[in-house]
Each structure stands twice: as C-alpha cells, then as structure tokens.
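All residue numbers refer to positions in the sequence shown, counting from 1.
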Amino acid sequence: MTSTMNHSVHDELLARLDTARAGGPAKNHERLAAAGKLFVRDRLKLLFDAGTDVIEDGLLARHLEDLPADGVVTCIGTVDGRRVCVIANDFTVKAGAWGKRTFEKMTAMQRLADELSLPLVYLVDAAGARIDEQFESYAGRKAWGNIFYNQIQISGRVPQICALFGPSPAGSAYVPALCDVTIMVRGTATAYIGSPRVAEMVTGEKVSLEEMGGADLHSRVSGLSDLLAETEEEAIAAVRLYLSYLPPSWEDKPPVIEGWDPVPVDDLRSIVPEDQATPYDVHELIDAIVDANTFFEHKELFAPELVTGFARMGGSPVGIVANQSSVKAGVLFSDSSDKAARFIWMCNAYNVPLLFLVDVPGYMLGTVAEREGIIRHGAKMLYAVAESTVPRIAVLVRKAYGGGYLGMSGSPMNPDAVIALPTAKPALLGPEGAINGIYYNKVMAIEDLDVRAKYIDDLRAEYDKKIDVFQIANENAVEAVVPVEDLRHELIARFALYRGRRKHVSPRRNGVYPV
C-alpha cells in the first residue's frame with residue numbers, strides 16, 4: 001500500500017512539474033507564436049550551453065491557482081562554461097505581468113546573483129504589474145519596487161544585461177533602464193512610461209505604440225537600447241557575446257583567451273588622412289589594431305559621431321571610445337557625451353581597460369547645444385573619464401582640440417599614457433577658431449576679399465606649423481609617438497604593463513554627478 005502511495009505521489013509531482021514548465025494555456029502559446037515570439041523556455045535553451053544543468057527556483061509558485069511559476073522563470077545556467085543567473089518572464093501567463101510571487105522570485109534571484117558574484121540576465125517580456133494584486137504588492141516594504149532597489153544596489157557589482165522581446169511598460173520600464181546593457185528586438189519590443197492610449201487621455205497626443213516606445217526609437221533617439229536585434233535569436237546571441245567580454249563580478253578580471261591577428265590591411269598609413277579636414281571611417285582603424293572580428297559595437301545607432309564598443313587585443317578585452325570624423329566631423333554632442341560616460345562607467349565597473357582614439361574638434365557650440373545642456377552633459381563625460389581607475393590609454397590620431405581633448409582622456413585627465421600618431425595635432429583651438437579669436441579685427445579690416453583670403457591662408461599655415469606632433473613631443477606632452485604600423489604592438493604591451501598599476505581612489509561616499 002505504501003509503495004503504491006509513494007508511486008502515486010511521485011507521479012503527481014512529475015505531472016505538476018511538467019504542467020508548470022508548460023506555462024499558460026494553449027491559446028496563449030498560439031498568440032505568442034502568431035506574434036513571432038518564442039516561448040520563455042525556448043529562449044533559455046538558446047541562452048544556455050547545450051547539455052548543461054539548469055537550477056530553477058520557484059517552479060511550483062502559484063501552480064495551484066493556474067498561474068505556473070507566477071509568470072516568471074528564475075534559474076541559474078551555464079553560458080560558455082560560466083554560471084549565469086537569469087530572470088525570464090513567461091508571456092503565456094498573464095502576459096508576463098508581475099504578481100505577488102513574481103517579485104519575490106525576482107528579488108531572490110537578484111540577491112543570489114550578488115551573493116554568488118554571478119552575472120544576471122533579464123529576458124523581459126512582461127505587461128507590467130498586475131493591477132488586481134496591487135494592494136498586496138505595491139506599497140509595502142516588500143513590494144514590486146524592491147526589484148529596482150536591488151538593481152541599483154548590485155549595479156557595478158555584477159553585470160546586468162537585459163534582452164527585451166516584448167513590452168516593458170510603466171514602472172517595469174525601469175528594468176531595462178537600470179541594466180548595464182539593453183538589447184531590443186525590432187517589431188516586438190517596446191518600453192514606455194505611458195501607453196499611447198494613456199498619453200492621448202493625458203496630453204491629447206495620438207501616436208502608435210512603435211512611435212511611443214518601439215525598439216527603433218530607443219536605439220536611435222532615446223538611447224535606452226544599446227543594440228537593435230532583428231530576431232530573438234540574434235538578441236540572445238548578443239547577450240552571450242556581451243557576457244564573453246565581461247567578468248562574473250567587479251572583483252574579477254575579464255576573461256582572456258588566446259589572441260589572433262587583426263584584419264589584414266595593405267597600407268595602414270592610408271587609413272587616416274593627413275589632411276585634418278578629410279573624413280574617414282574610424283572602424284577601419286579599429287579593425288586594423290584589434291584581433292580580427294572581435295569589435296562588438298555598443299549603441300551603434302545612437303549618437304554615431306562617437307563609436308564605443310568592446311574588442312580584444314592579444315586576446316584581452318578592451319573598451320574602445322573613438323571619435324567618428326565621418327559623422328558630424330566627430331564633434332561631441334550631449335548624446336555622445338552621455339553615450340561615452342555610460343560606457344566608460346561600465347568598463348570601469350568591470351575591470352575592462354579603456355582605449356580612446358582621439359580625433360575631436362571639441363564639444364558642439366551654439367544656442368541649440370547650450371539649450372540642450374552641452375556643458376552639463378560634457379561634464380558628465382569628463383567626470384566618467386577622471387574617476388576611472390582601469391588601465392586607460394589615449395591615442396592622438398589627428399585633431400585634439402579644446403575640451404574635447406580632455407573628454408577623450410587627454411594628458412591632464414591622468415591616463416596611464418597618451419600616444420600620438422604622426423598625424424596628431426592637439427591644440428586649444430583649431431586653425432579657424434584660433435584665427436577668428438586672435439586676428440578677427442585685422443582680418444575684417446582688409447577690404448580686398450582676395451587679399452583677405454590669402455592672409456587667412458597664411459595665418460592658417462603658420463598656425464598649423466606650431467601644433468604638429470613633433471612640437472608636443474618636444475614639450476614632453478605625450479608618452480610616445482609611434483608610426484601607425486607599430487600602434488597595435490605598443491598598445492598590447494602597455495595594457496599588459498598597466499594592469500599591474502595601483503590606482504588611488506578618493507575616499508568619499510559618492511561624487512555629485514553632473515547629470
């Protein structure tokens with residue numbers, strides 16, 4: 001009799017586990033598939049290494065109420081042989097909306113990730129919080145808001161990466177916003193504080209869901225999204241790739257692998273034009289100095305006048321911040337300053353060395369820039385650079401003018417080294433600005449336009465001679481001047497050296513950030 005009873009209980013358990021893993025009703029699975037979206041457990045199969053163990057918590061939460069796992073899978077699996085914690089919404093259960101057990105499971109996994117010093121991945125596909133459960137889950141000390149509190153507490157301690165497959169509305173939109181990296185899938189991912197319907201009621205504005213908070217908008221305009229993926233498979237592959245450049249926690253070093261040569265280039269010297277006004281694509285320079293096919297761009301579509309991303313040099317990860325002269329001449333705007341600051345903070349948090357490729361005319365001028373807060377945003381970039389303690393090298397590629405030189409980790413910002421290429425020309429002002437500032441009255445006093453033009457050309461040529469690379473080397477303003485064909489070797493050797501350098505950190509609770 002006992003044997004039969006035990007057999008029955010075990011069978012019942014297996015049946016309940018299978019039912020919980022199956023998620024919501026069949027009709028909800030059909031709707032999910034019709035929208036071109038994957039079931040949460042299929043996403044997990046793509047994320048984790050095949051054939052490895054997955055430890056899941058809270059699978060039977062609320063299964064007696066026909067709410068399998070209360071709409072969220074919390075588990076630990078393996079990505080490239082390293083343990084990773086995951087919080088993944090199940091859209092087939094109440095559209096993934098948060099319930100009274102959802103936040104308990106989510107906050108428990110957040111704390112566990114921090115205590116185990118493991119990266120935390122959020123696979124987001126949730127219709128916000130459940131209004132019918134607000135009185136149990138909204139206002140108390142143990143409530144939905146604990147999710148954001150925990151994100152902030154563990155920020156910079158363990159990597160937090162979000163892949164957004166569907167909605168993340170209202171308060172839940174802060175989950176992607178508070179992660180280190182957010183990836184959005186075009187056509188299905190959305191994030192917004194108020195839906196188009198609510199916005200119309202409040203403001204009278206009529207917009208589509210995509211216009212209000214679609215993946216394109218957040219990747220190109222708002223900057224919430226760091227990568228725009230075309231498919232869920234691409235988004236999950238990007239999560240795996242991000243993790244490959246980052247350590248498990250702030251106390252660890254980034255993973256180092258065996259390096260390989262860069263993409264072959266027939267003539268390295270032809271990449272960067274000597275004429276300071278001739279644009280070029282900085283991606284070509286990056287590809288010429290990093291291990292082939294390892295550059296992984298961050299916020300590619302947002303503020304493209306500045307290029308940021310991870311790469312490997314000799315197998316070791318490095319974060320790259322580079323001016324893009326082919327877009328807006330590489331001038332720093334408010335958005336590009338924000339983009340740089342956030343990337344620098346992330347690299348510094350997780351021990352990723354920083355490489356700056358400098359070709360900057362400065363920060364943007366004019367009334368529009370000032371109204372947008374260019375001083376405040378530019379100061380944020382300066383702040384991020386100055387407080388970073390990871391190995392930091394700036395390469396003066398061409399122009400390095402004014403405050404832009406400082407924002408790009410020029411010598412006064414105390415980098416480990418500033419290296420100049422023969423094409424480098426650092427100066428307080430470029431030729432046009434200097435001539436306008438010093439000789440304006442003399443220039444305007446010349447009535448003959450041809451004579452005036454020749455006078456300006458002569459002044460420009462004279463000024464150019466004073467800011468060549470040999471002058472700054474003579475003044476000991478850089479650590480080295482190297483030919484471009486030696487740059488990669490120089491950088492690998494210097495980064496290896498500076499990794500052992502002890503940096504001073506100012507004792508304080510926190511700085512007052514210029515946000």
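Looking only at distances, a side-chain donor or acceptor of Asn146 sits under 3.5 Å from a matching main-chain atom of Ala143. With hydrogens and angles disregarded, no donor-acceptor distance shorter than 3.5 Å links the side chain of Lys100 to the backbone of Glu136. Side-chain N or O atoms of Trp345 include none that pairs as donor or acceptor with a backbone N or O of Ala340 at under 3.5 Å. Using a distance-only test at 3.5 Å, with no hydrogens or angles considered, no donor-acceptor pair links the side chain of Asn351 to the main chain of Val390. When atom types are taken as modelled, the side chain of Arg82 and the backbone of Leu243 share a donor-acceptor pair closer than 3.5 angstrom. Using modelled atom types, no side-chain atom of Ser155 and backbone atom of Gln151 make a donor-acceptor pair closer than 3.5 Å. In this structure, Glu232 contributes its side chain and Val185 its backbone to no donor-acceptor pair below 3.5 Å. Here the side chain of Ser409 pairs no donor or acceptor atom with the backbone of Ala394 at under 3.5 angstrom. The backbone N or O of Val515 lies less than 3.5 Å from a partner atom in the side chain of Arg376, making a donor-acceptor pair. In this structure, the side chain of Thr188 engages the main chain of Phe165 through a donor-acceptor pair within 3.5 Å.
Between Lys339 and Leu306, the shortest heavy-atom distance links the atoms NZ-O, 2.6 Å. Of all the heavy atoms in Ser325 and Pro279, the pair that sits closest is OG-CA, 3.5 Å. Across all their heavy atoms, Tyr192 and Thr190 have their closest contact at CE2-OG1, 3.7 Å. Summarising the geometry of Pro169 relative to Ala126, their closest heavy-atom pair is CD-O, 3.1 Å, with the distance given to 0.1 Å. The two atoms that bring Glu234 and Leu228 nearest to each other are OE2-O, 3.8 Å, heavy atoms only. Counting all heavy atoms, side chain and backbone alike, Leu357 lies closest to Met408 at O-CE, 3.6 Å.
Contact check on Asp66 versus Lys94 returns no salt bridge, with no Lys/Arg side-chain nitrogen under 4.0 Å from an Asp/Glu carboxylate oxygen. The pair Lys105-Asp57 does not meet the salt-bridge criterion, since no charged nitrogen lies less than 4.0 angstrom from a carboxylate oxygen.
Between the side chains of Tyr242 and Asp226, no donor N or O sits under 3.5 Å from an acceptor N or O. The closest side-chain donor-acceptor pair between Thr102 and Asp70 falls under 3.5 angstrom. Checked by atom type, the side-chain pair His377/Tyr363 shows no donor-acceptor distance below 3.5 Å. A donor-acceptor pair shorter than 3.5 Å cannot be found between the side chains of Ser334 and Glu372. Judged by distance alone, the side chains of Asn323 and Glu305 never bring a donor and an acceptor atom under 3.5 Å apart.
In terms of the side chain to side chain donor-acceptor pair (under 3.5 Å) criterion, residue partners of Asp125 (sequence neighbours excluded) are, by chain and number, Lys37, Arg43. Residues satisfying the side chain to side chain donor-acceptor pair (under 3.5 Å) test with Gln160, not counting sequence neighbours, are Tyr122. For Glu230, the side chain to side chain donor-acceptor pair (under 3.5 Å) partners at least two apart in sequence or on another chain are Arg186. The side chain to side chain donor-acceptor pair (under 3.5 Å) search around Asp80 returns Arg240, not counting sequence neighbours. Considering only residues two or more places apart in sequence or on other chains, Tyr383 meets the ring-ring contact (aromatic ring centres under 6.0 Å, His included) condition with Tyr513. Every side chain to side chain contact (heavy atoms under 4.5 Å, CB included) that Leu17 has, sequence neighbours left out, goes to Leu13, Arg21, Leu59, Leu60. The salt bridge (charged side-chain N to carboxylate O under 4.0 Å, His left out) check on Glu104 picks up Arg101, with sequence neighbours excluded. Residues meeting the salt bridge (charged side-chain N to carboxylate O under 4.0 Å, His left out) test with Glu387, sequence neighbours left out: Arg508.
Screening residues 251-263 for side chain to side chain donor-acceptor pair (under 3.5 Å), with sequence neighbours left out, gives Ser249-Asp252. Each ring-ring contact (aromatic ring centres under 6.0 Å, His included) pair with one or both residues in residues 25-53, not counting sequence neighbours, appears once here: His29-Phe39. Legend: salt bridge (charged side-chain N to carboxylate O under 4.0 Å, His left out) pairs involving residues 149-169, not counting sequence neighbours, sorted by first then second residue: Asp114-Arg157. Contacts classified as ring-ring contact (aromatic ring centres under 6.0 Å, His included) and involving residues 167-191 (residues at least two apart or in different chains) are not found.
When each of Ile271, Val395, Asp359 is checked for a side chain to side chain contact (heavy atoms under 4.5 Å, CB included) with Leu285, only Ile271 meets the rule.
Val158 is not listed as a side-chain neighbour of Leu118, based on a closest heavy-atom distance of 4.5 Å or more. The shortest distance between side-chain heavy atoms of Glu233 and Leu38 falls below 4.5 Å. Two residues are said to be in side-chain contact when any heavy atoms from C-beta on lie closer than 4.5 Å; Val175 and Ile147 meet this criterion. At a threshold of 4.5 Å between non-hydrogen side-chain atoms, the residues Ile320 and Val290 count as touching. Contact annotation: the side chain of Tyr350 approaches that of Pro159 to within less than 4.5 Å [non-hydrogen atoms, C-beta and beyond]. Residues Phe91 and Pro167 form a side-chain contact, since some pair of their non-hydrogen atoms from C-beta on lies under 4.5 Å apart. Put simply, the side chain of Thr107 reaches to within 4.5 Å of the side chain of Gln110, judged on heavy atoms. Counting heavy atoms from C-beta outward, Glu370 and Ile374 have side chains that approach closer than 4.5 Å.
Expressed to the nearest 0.5 Å, how far CG of Leu164 lies from CG of Leu224 amounts to 8.0 Å. Asp335 contributes atom CG, which lies 3.5 Å from atom CZ of Phe302 (distance to the nearest 0.5 angstrom). Note: Thr308 OG1 to His298 NE2 = 5.0 Å, rounded to the nearest 0.5 Å.
Taking the ring axis of Phe343 as reference, the NZ or CZ atom of Lys299 does not stay both within 45° of it and closer than 6.0 Å to the ring centre.
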If you apply the rule side chain to side chain contact (heavy atoms under 4.5 Å, CB included), what do you find for Leu355 with Phe495, and how did you get there?
CA-CA 9 Å; Leu355 171 62; Phe495 275 128; 4.0 Å; yes
One pair to check against side chain to side chain contact (heavy atoms under 4.5 Å, CB included): Asn89 and Val72. What are the steps and the verdict?
CA-CA 4 Å; Asn89 302 115; Val72 65; 4.2 Å; yes
So Tyr245 and Arg312, side chain to side chain contact (heavy atoms under 4.5 Å, CB included) or not? Walk me through it.
CA-CA 8 Å; Tyr245 290 103; Arg312 291 185 180 274; 3.9 Å; yes
Test side chain to side chain contact (heavy atoms under 4.5 Å, CB included) applied to Asp180 and Leu246, step by step
CA-CA 11 Å; Asp180 306 323; Leu246 299 173; 5.9 Å; no
